[in-house]
Amino acid sequence: MIKKSTDVVKAANYLRENNVVAIPTETVYGLAANIFSKTAVASIYKIKNRPQSNPLIVHIKSEDELENYAKDIPEKAKVLAKTFWPGPLTLVLNKTDLIPDYISANKSTVAIRVPSHPLLASLLNELEFPLAAPSANPSNCVSATTAESVENYFKNEIPLVLDGGPCEKGLESTIIGFENGAPVLYRLGALTLDTIENVIGKVFLKNELLNQDSPNAPGMFLKHYAPKTPLYIIENEFEFLEQLNFENIAFLGFDRPLQHSKIKEQFLLSKNGDLNEAAFNLYRTLEKIDTLEFDGIVVKWFPNTGIGMSINDRIKRASIK
Ligand code: TXA
Ligand code: MG
């Protein structure tokens, strides 16, 4: 049975004994294991029901450790690490022999980041090894942004969730890789693209990479981050709602409600029109709507700037049937 705790030493001991422990990060909660424990990493895949072809992110305590785990690091990657770590940025780099193949799904690269959540920072400082951690949700479900959500998902599967309160960002890290030395966006996330481009110049968008979760398996993982209640993005409000066969609909919006007789409840992510607040509220609100008995969720696109691009990416994936 899972326990919530703020005890870093206890969490460290569970991890040393090859257990999976849920950890808070500034983005979303993670399901963590010692990267050198094959059995603990295998448990992550089993508990999440995650395909073996989908590699994990390695969480290290400081940028100083990067060269132990990554090699041939492009200059722009070094600049990004210096500028944004600790923080919600993951870099995909060529891996060293220290990274076991079972972490990186047999790829020659590894995804790596230095998280900024203070409780996780003290856990990493306590440990002798980095932590492999995907988001703490069953595959294809909405990521957990509170210890309570982790508890709901994994009551019987893990012994401990390190309770760091609600995640500050509420969206996963941004992932940047390098192809022929050029920076490429693999996943939109909590660190905005314009913030990154202000530091290293143009980042290339690969649509085919944006639309899948594993560069090795095109299209397979397009649907992601989805609530159980069917979700529809609407462009033409009135027509869409008239045609929809449901009568009991939740509206998920930014700062303004959408009035229609079929819409029974309004869920506004930021009444003040603050996109960061909207990102913080996105997953927790989808999770809440799932506990209520709606036939469907209708969503309008968010302003497509800054973190709004990442919100739109997640609702697009959530809407795919
Ligand atoms: O914010 C986050 O990144 C959270 C917290 C816990 O750190 N973690 C997270 O992990 O979102 P996960 O496993 O849910 O998503 C990691 C993504 C996956 O889409 C995976 O395919 C991709 O990173 N990835 C991992 N290693 C990769 C690699 N070597 N090359 C390309 N993509 C990789
Ligand atoms: Mg995930």
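One-based numbering, in listed order, for ligands and for the atoms of each. Because the structure is a prediction, the values reported are computed rather than measured.
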Exercise. Please work out whether any backbone atom (N, CA, C, O) or any side-chain heavy atom from C-beta onward of Glu172 is under 4.0 Å from ligand 1, and answer side chain, backbone, both or neither.
Key: both
Determine all donor-acceptor pairs shorter than 3.5 Å in which one atom belongs to a side chain in residues 162-171; sequence neighbours excluded.
residue: Asp163; atom: OD1; partner: Gly165; partner atom: N; Å: 2.9

Quiz item: Between the Mg ion (ligand 2) and Ser135, is there an N, O or S atom separated by less than 2.8 Å?
Solution: yes
Quiz prompt | Those atoms of ligand 1 less than 4.0 Å from some heavy atom in Lys107 | solution = 28 (C), 29 (N), 30 (N)
Exercise. For the residue pair Phe267 and Phe294, categorise the inter-ring angle as parallel (less than 30°), tilted (30 to 60°) or perpendicular (more than 60°).
Key: perpendicular
Quiz item: Considering only heavy atoms of Thr109, which atoms of ligand 1 have at least one such atom less than 4.0 Å away?
Solution: 28 (C), 29 (N), 30 (N)
Quiz item: Is Lys169 in contact with ligand 1, taking contact as a heavy-atom separation below 4.0 Å?
Solution: no
Practice problem: Using non-hydrogen atoms of the residue, decide whether Arg50 is closer than 4.0 angstrom to ligand 1. | Solution: yes
Quiz item: What do you reckon, does His59 have a nitrogen or oxygen under 3.5 Å from a nitrogen or oxygen of ligand 1?
Solution: yes
Quiz prompt | Atoms in ligand 1 with a heavy atom of Gly30 nearer than 4.0 Å | solution = 6 (C)
Practice problem: Pull out every atom of ligand 1 sitting under 4.0 Å from any heavy atom of Ile57, numbered as shown with elements. | Solution: 3 (O), 8 (N), 9 (C), 10 (O), 16 (C)
Quiz item: Should you measure from each heavy atom of Ile175, which atoms of ligand 1 turn up under 4.0 Å away?
Solution: 17 (C), 23 (O)
Quiz prompt | Thr174 side chain vs Gly189 backbone, donor-acceptor pair below 3.5 Å | solution = yes
Quiz prompt | Least distance between heavy atoms, Ala33 atom then Ala40 atom | solution = CB-CB, 3.7 Å
Exercise. Classify the side-chain pair Arg187/Ser173 by whether it contains a donor and acceptor separated by less than 3.5 Å.
Key: yes
Quiz item: Going by the atom numbers of ligand 1, which of them fall below 4.0 Å from some non-hydrogen atom of Pro134?
Solution: 10 (O), 12 (P), 13 (O)
Quiz prompt | Arg113 (side chain) donor-acceptor with Ile57 (main chain) under 3.5 angstrom | solution = no
Quiz item: Atom OG in Ser135, atom NZ in Lys48: separation rounded to 0.5 Å?
Solution: 3.5 Å
Practice problem: Find all atoms of ligand 1 within a distance of less than 4.0 Å from any non-hydrogen atom belonging to Ser173, and give their numbers and elements. | Solution: 1 (O), 2 (C), 3 (O)
Quiz item: Once you round to the nearest 0.5 Å, how far does CD of Glu287 lie from OH of Tyr153?
Solution: 5.5 Å
Tell me which donor-acceptor pairs under 3.5 Å the side chains of residues 67-82 have, and how far apart each pair is, sequence neighbours excluded?
residue: Asp72; atom: OD2; partner: Asn94; partner atom: ND2; Å: 2.9
residue: Lys76; atom: NZ; partner: Ile200; partner atom: O; Å: 3.3
residue: Lys82; atom: NZ; partner: Glu63; partner atom: OE2; Å: 3.1

Exercise. List every atom of ligand 1 that sits less than 4.0 Å from any heavy atom of Asn54, numbering the atoms from 1 in the order shown and giving each element.
Key: 18 (C), 20 (C), 21 (O)
Exercise. Answer side chain, backbone, both or neither: which part of Ile23 comes under 4.0 Å from ligand 1, heavy atoms only.
Key: neither
